[in-house]
Structure formats: structure tokens, C-alpha cells
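Letters A, B, ... mirror the listed sequences (proteins, then strands); counts begin at 1.
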2 protein chains.
Amino acid sequence: MKSTRSTTSTGSATSTGSTGGAVRGARERARSEITAAIKDEARRQLAAEGAAKLSLRAVARELGMVSSALYRYFPSRDELLTALIVDAYDAVGAAAERALAEAGTPARTAPVARWTAVCTAVRAWALAHPHEYALIYGSPVPGYVAPKATVEPASRVGLALITVARDAHRGPGVALPPLAAELRQEAERIARDVAPDLPPELVVALVAAWSQVFGLISFEVFGQFNRVVEDRDAFFTHSVSRLARESGLVLAPPR
Amino acid sequence: MKSTRSTTSTGSATSTGSTGGAVRGARERARSEITAAIKDEARRQLAAEGAAKLSLRAVARELGMVSSALYRYFPSRDELLTALIVDAYDAVGAAAERALAEAGTPARTAPVARWTAVCTAVRAWALAHPHEYALIYGSPVPGYVAPKATVEPASRVGLALITVARDAHRGPGVALPPLAAELRQEAERIARDVAPDLPPELVVALVAAWSQVFGLISFEVFGQFNRVVEDRDAFFTHSVSRLARESGLVLAPPR
DNA sequence: GTCTATACCCCGATAGAC
DNA sequence: GTCTATCGGGGTATAGAC
């Protein structure tokens, strides 16, 4: 239950002196360790009770602190929630970027394989951290409004997918299906915002594929595939690579 | 605020007599009216506070009742939640079925139009009832386990989509992309469970498309399209019909 | 079937001593 | 930066009178 171990002991051992210059490093280290411990415990509670019921008091109780002490680290419950959200977006974004880097360069690896690698990494992270996944891609937390600070971390997965598509379309252009006339203008606007260097047809297909991949993941994580799909690894890999090929995001690999 | 109007007055006016046979109808009517009022108020709170914080006390307070009185109608908070979930699945399922019926017979209407009609109806319901949508397709409510009674209502949308695909594949067979070898067995198992009369390739494509359509809807309802997609009607219609065609669920309409 | 009362929990946030 | 104490709420659920 207690997980304060090193954190509090370090803190009290090093911070008793007067405000000397050399102590500052240690003090800041203690502070960041406690901050990390708070977030860890909060994540544990996220799993048990859900974001809506995340409570500073319960976190403090479990850490052997008193609730008011937490306010020195997070000025409110919502700020703690924001920190968890940013961490989650960063974690899944980092997983996606790592998978892309490890998948190999466009010259060496077929685009569809790179696409699948990124999607698979996102799915693996989601399955390993279902409650953090729910926090960022599930139902919004009632009464909570995400501050601007979450926008940039939230875009990392999308940017990785854009990179795959951009690389895939460098060589001979893939024949992209034409846009419906009603979508022409909107497509150009979206493209301007998210990837001005790519053709609007591709960007629209990409945004759609992005949300569809998360549909596959969410249905699995949230239990809609219970009693329906059992071999989920095979199903996901198959679906996600077909999605990329059929929507023209990548070329079919040479056979 | 108060919405008890007819319900409580009806109840007290008719239920004062002894247990006569003729009174029973009225009493049951009063009971079902109060039950409906409770669910209505609970739905209102769902929107304000979210499922995790749904509380019998707050519902009772708003209805001018005392909390213990609610236990005559719902034995626990979770039973009330179950009722709301079943209602929500039934509502979205009915919307899908209605759209399918109104879209016209397979002979008259192109399969892709019927598919789009069902998906559009689901999306419209979701946008009109975002909190009920979140209840059934969003993050699971922590600590709540759905009872068996929710399974059948939950399947109605899927069955409507299966119907579209079945009708679409009655005539000349669409050339379905082949299954990955690793998926062969699983595909046959799924097909046996959900639509034994359809080829496994089709069923796999259908299950994937099903989850992908909900990915599109969830991203819109849950706010992931904020600052990305603006003309969402056009984007959805375009994406969902392309999805159906490209995955081979339906034949492209004759041009 | 509704009421009061009650047992026993929870929360966010702040004040002020140390 | 941590503590106690406190304000002012909130909740589930049950017992027992009417």
C-alpha cells in the first residue's frame, strides 16, 4: 500500500538545513520525486475508481500524507487530472514514435509495415494501460475542460501517422479515390491545418483512418469485442493493414 | 426543476383504497410513470455529472422524493444504471432499424445507400444523446459490470449492419479481399457466431467496419475532431460510404 | 409505498500553528 | 512544507413508523 519509501525519507533527510544554495538541487529532486509518487498513486486510483472519482484525499491517504499537503504539489484536483492526461498522451505518443523509428526507414520498410507498426504500438500501449487510455480517448470527464497544454501532446500519434503517409507518397503517387464534391473545401481546409504539404484527398483519408484505428482499439479495450472477437492480435493486424491499403494511404507492398 | 407533476398526484389519488382488483391497473400505471420519471431525471444527471457520479439521492431530491423511496423502484444504483444502459442500446438500435426500414428494399436502394443510412442514423442519435452514447460506447463505468440483460439490446445495431451486408451479397458476389492465413480459423469462428450464412471474409470485414464506424462517431462525440474536422456531416458521409465500398461490404453503385 | 432518522462513509478546499 | 481542525457539502443503504 505505502509507496513513499525513498521519496519522503530523502525529502526529510536533505531538507532540514537552512536555505543553503547546495540544498536546492536535493530539495527540487525530492519535490519531483513526491510529485511522481502522487501521480503514480493517482494512476492506480484511476484504474480502481475512474477519472470522475479521482480524489486528492484518497491519494493522500494512500501515500500516508494529509490531504492539504497535496495542494503544495497540485493546486486542485483538475490540475492533477491534467498532469495525468498530458502524461498519458506523451506516453502513447512516445510509443508510436518509437515504433516508427524502429520500423526502419521508408527505403527499407514497406509503408504498410510502418503503418501497422505504429498502430500496433498504440494498441499495445492501450491494452497495457486501459484506464489511461480511457482517460484520453474515452468519454470526456464531466465538468473537466482540457487546458491548452494538452493539445500538443495529444497530437503526437497523429503526427506519426502523418509521417508514414507522407513517406509513402513520396515516390510514385498512389491513386487516391476522388473526394465527394461537398467535401472539397473542407478537405483543403483540413490539409492546410494538419499537413499542408500533402494532397487534400490523402489528408481526408488519413484523418478517417486515424479515427477508425482508434475505433478498433477502443472496441477492444472497452469490451465491445467480448464474445465476438477472440484472436484479437490477428484481427487487429489484419484490419489495420487492410485499412491502410484500401484507403490508399500506402501502396500495397510489392509481391 | 420539479417534474413530478402528474406522476405523484396520480399515484396518491388512486392508490389509497384497499387492494381491490380494479385498482391494480391504475397502480401499475402510476408505478411505471414514476419509474419513467426516475429514469428521465437520471438521464438528465448523466449529462451533468456523468455515469460514475450518478446518485440516487440527487435523483430523488430533484423529483421531490426522499432517497429511500427510490429503492422501491430500483434496488440499487447499479440497477438504475442497467436500466439506463438497456434503454440507450434499445434507442440507438431502434434508430438504426428505423433507418434501415425507411431506406427502402434492397431492390430499390443501393446497398451503399442503405449502409450509409444506418450509420448516419446511429451518428445522429449519438450527437443528440452524447451522454447516453458515452454510457454505452465510451469508457466502462468503473466497478460496474453489465448484466446479461444488456447483451441482446447491445446487438441491435450490429444486426442491422449485418442485414445490409447480407442483402448486398445476395446477388452477384462481391470480390472480397482474401483473409490473412492467421485469421482463417478465427474468421470462421466469428462467422459461425454472428452470421453463419455469410462467408467468413465478409463477416470479418463487417466486424472491422462496425468498429471503425464507431471510431468515427466516438471521435466526433468525444471531441477528438475539435480543431481538426469542421464540416462533420460531409466528412462522416464521405468516410462511411468509402469504408463500406473499399472493404467490399457493398458493391459500388452502378454509375 | 412514503416518510424520518440514522449509521457510517466520502469529498474539495482553506486557515493557521508549527 | 506539513500538520490539525474545520467549513460545508456529498453519498449508499437500512430500520421502523405510518
Q | Footprint string (nucleotides 11-18 of chain C, 5' to 3'): B base within contact, S backbone only, - free, heavy atoms under 4.0 Å | A | BBBBB---
Q) Roughly, in whole Å, what's the span from CD in B/E79 to P in D/dT12? A) 14 Å
Q | Nearest-neighbour nucleotide for the B/R31 side chain, C/dC3, C/dG1, D/dC3 considered | A | C/dG1
Q) So what does A/Y73 touch, heavy atoms closer than 4.0 Å: a base, only the sugar-phosphate, or nothing? A) sugar-phosphate
Q: For a side chain to side chain contact (heavy atoms under 4.5 Å, CB included) with A/V118, tell me which candidate from A/T163, A/L100, A/V213 qualifies.
A: A/L100
Q.
Once side-chain hydrogen bond (donor to acceptor under 3.5 Å, both in side chains) is applied, do any residues pair with A/D231, and if so which ones, sequence neighbours excluded?
A. none
Q) Rounded to the nearest Å, what distance is computed from the CG atom of residue A/L70 to the P atom of nucleotide D/dG1? A) 13 Å
Q) Who are the salt bridge (Lys or Arg N to Asp or Glu O under 4.0 Å) partners of B/R77, not counting sequence neighbours? A) none
Q. Does A/Y133 have any side-chain hydrogen bond (donor to acceptor under 3.5 Å, both in side chains) partners at least two apart in sequence or in another chain, and if so, which?
A. A/S218
Q: Can you sort out the partners of B/H131 under side chain to side chain contact (heavy atoms under 4.5 Å, CB included), two or more places apart, ordered by chain and number?
A: B/A47
Q: List for me each residue that meets salt bridge (Lys or Arg N to Asp or Glu O under 4.0 Å) alongside B/D193, sequence neighbours excluded, and say none if there are none.
A: B/R189
**Q.** Euclidean distance, atom CD of residue A/E33 to atom P of D/dG1 [Å, nearest integer]
**A.** 14 Å
Q: Could you state the atom-to-atom distance from CZ of A/F74 to C1' of D/dT2 in whole Å?
A: 17 Å
